[in-house]
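All heavy atoms count here, side chains included; hydrogens, waters and symmetry mates do not. Proteins come first, then strands; the chains are lettered A, B, ... in the order of their sequence lines, and each starts at number 1.
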There are 2 protein chains.
Amino acid sequence: MSENKKSSELRRSMPLLPIGTVMQLTELSARQIRYYEEHDLIQPHRSEGNRRMFSLNDVDTLLEIKDMLEQGINMAGIKKLFDMKKNAAVQSVQAEKEISDSELRRILREEMRNANRHQKSSLRQGDLSRFYQ
Amino acid sequence: MSENKKSSELRRSMPLLPIGTVMQLTELSARQIRYYEEHDLIQPHRSEGNRRMFSLNDVDTLLEIKDMLEQGINMAGIKKLFDMKKNAAVQSVQAEKEISDSELRRILREEMRNANRHQKSSLRQGDLSRFYQ
DNA sequence: CTTTAATGTTAGTTTTTCTAACATTGCATT
DNA sequence: AATGCAATGTTAGAAAAACTAACATTAAAG
């Protein structure tokens with residue numbers, strides 16, 4: 001994952017917006033937004049004075065919720081879908097990790113072949129096998 | 001200019017943030033932020049209820065102001081520097097425009113040459129000259 | 001026809017922001 | 001040293017925004 005993606009992820013998860021701004025951005029009522037929080041679909045931060053502060057990610061999530069509701073999906077369904085999405089995200093991270101592991105092994109094999117080509121038989125092929133499966 | 005740049009420009013100039021958030025992001029006092037507005041270095045929007053609403057661009061500008069002040073530059077200097085920057089930006093847009101004008105002329109010439117190659121002497125070269133200088 | 005999920009509405013309170021005025025601080029200039 | 005000014009602090013009182021909690025409405029589902 002690039003450094004850029006990490007820092008933009010940071011920015012997007014930064015609690016910046018009061019509920020009024022979020023209402024305008026999403027065209028949801030304060031009641032709706034608080035209700036979705038009550039059902040744990042979003043977890044806005046709180047200011048020192050207990051005011052909700054929302055991130056851009058929260059806004060995205062709220063727009064998704066709005067979309068799903070308009071499609072006739074109820075809260076329970078949305079909750080389930082979000083859970084699945086979270087799991088999928090975890091699995092995709094795991095997949096990414098596995099890919100980069102296999103990538104690492106491929107690179108090691110490649111390097112070993114090069115080593116063999118350049119200084120033939122200075123190292124027996126089996127000697128590196130314990131490093132890359 | 002890409003569509004992406006335009007839309008991110010839109011996002012960055014969107015008045016989203018209350019002064020409290022901006023105080024945290026910039027570590028400036030409300031007094032300072034209002035003072036800089038008073039001197040026309042930023043022009044935050046206002047909510048219906050007259051609360052200032054700041055954009056991410058405003059935050060950037062405030063951070064620049066803070067930097068310059070810490071470098072010992074006074075308000076007058078900062079104002080002048082910002083004016084220069086604005087002019088530079090305008091000139092760069094003009095330069096860009098001129099480049100694309102000359103580009104346009106280049107393309108027209110190129111097309112004319114092609115036309116000449118494919119249907120020789122159906123059009124005299126001078127006949128298009130009024131269209132591209 | 002009841003239930004219930006989602007949302008509206010209201011009241012009373014707390015937090016945030018506003019303006020305007022006066023106070024402080026630290027440099028320059030005389 | 002005294003003065004003036006730029007930048008910022010501080011305060012008071014008012015207005016707006018947001019909070020919780022409770023009760024009300026509505027539309028769909030059984």
TODO: For A:Q24 and D:dA18, give me the distance from atom CD to atom C1', rounded to whole Å.
DONE: 14 Å
- [ ] Tell me whether the OP1 or OP2 atom of D:dC19 has a side-chain N or O from A:R34 closer than 4.0 Å.
- [x] yes
Open item on the list: One character per nucleotide, please: for nucleotides 2-10 of chain C, 5' to 3', B when the base has a protein heavy atom closer than 4.0 Å, S when only the sugar-phosphate does, - otherwise.
Closed with: ---SBBBB-
TODO: Using a cut-off of strictly less than 4.0 Å, decide whether A:S47 has a side-chain nitrogen or oxygen near OP1 or OP2 of C:dT15.
DONE: no
Task: Single-linkage hydrophobic cluster A:M53~A:I33, side-chain heavy atoms < 4.5 angstrom - done: no
Task: Protein-nucleotide distance (B:N50, atom CG; D:dA14, atom C1'), rounded to Å - done: 12 Å
Task: N or O in side chain of B:R52 less than 4.0 angstrom from C:dC18 OP1/OP2 - done: yes
Task: Length of the CD1-P vector between B:I33 and C:dT19, whole Å - done: 13 Å
Task: Worked verdict on A:F82 versus A:I65 for side chain to side chain contact (heavy atoms under 4.5 Å, CB included) - done: CA-CA 10 Å; A:F82 277 11; A:I65 294 171; 3.9 Å; yes
Open item on the list: Measure CZ/A:R46 against C1'/C:dT14 and give the value in whole Å, please.
Closed with: 13 Å
TODO: Measure from NE2 on A:H45 to P on C:dT15 and round the result to the nearest Å.
DONE: 20 Å
TODO: May I ask you to test the A:L69-A:Y36 pair for a side-chain heavy-atom distance under 4.5 Å?
DONE: yes
Task: Residues A:D58 and A:S55: side-chain donor-acceptor under 3.5 angstrom - done: yes
TODO: Hey, could you give me the CE/NZ distance between A:M68 and A:K79, rounded to the nearest 0.5 Å?
DONE: 13.5 Å
Open item on the list: What is the separation between atom NZ on B:K66 and atom C1' on D:dA7, rounded to the nearest whole Å?
Closed with: 15 Å
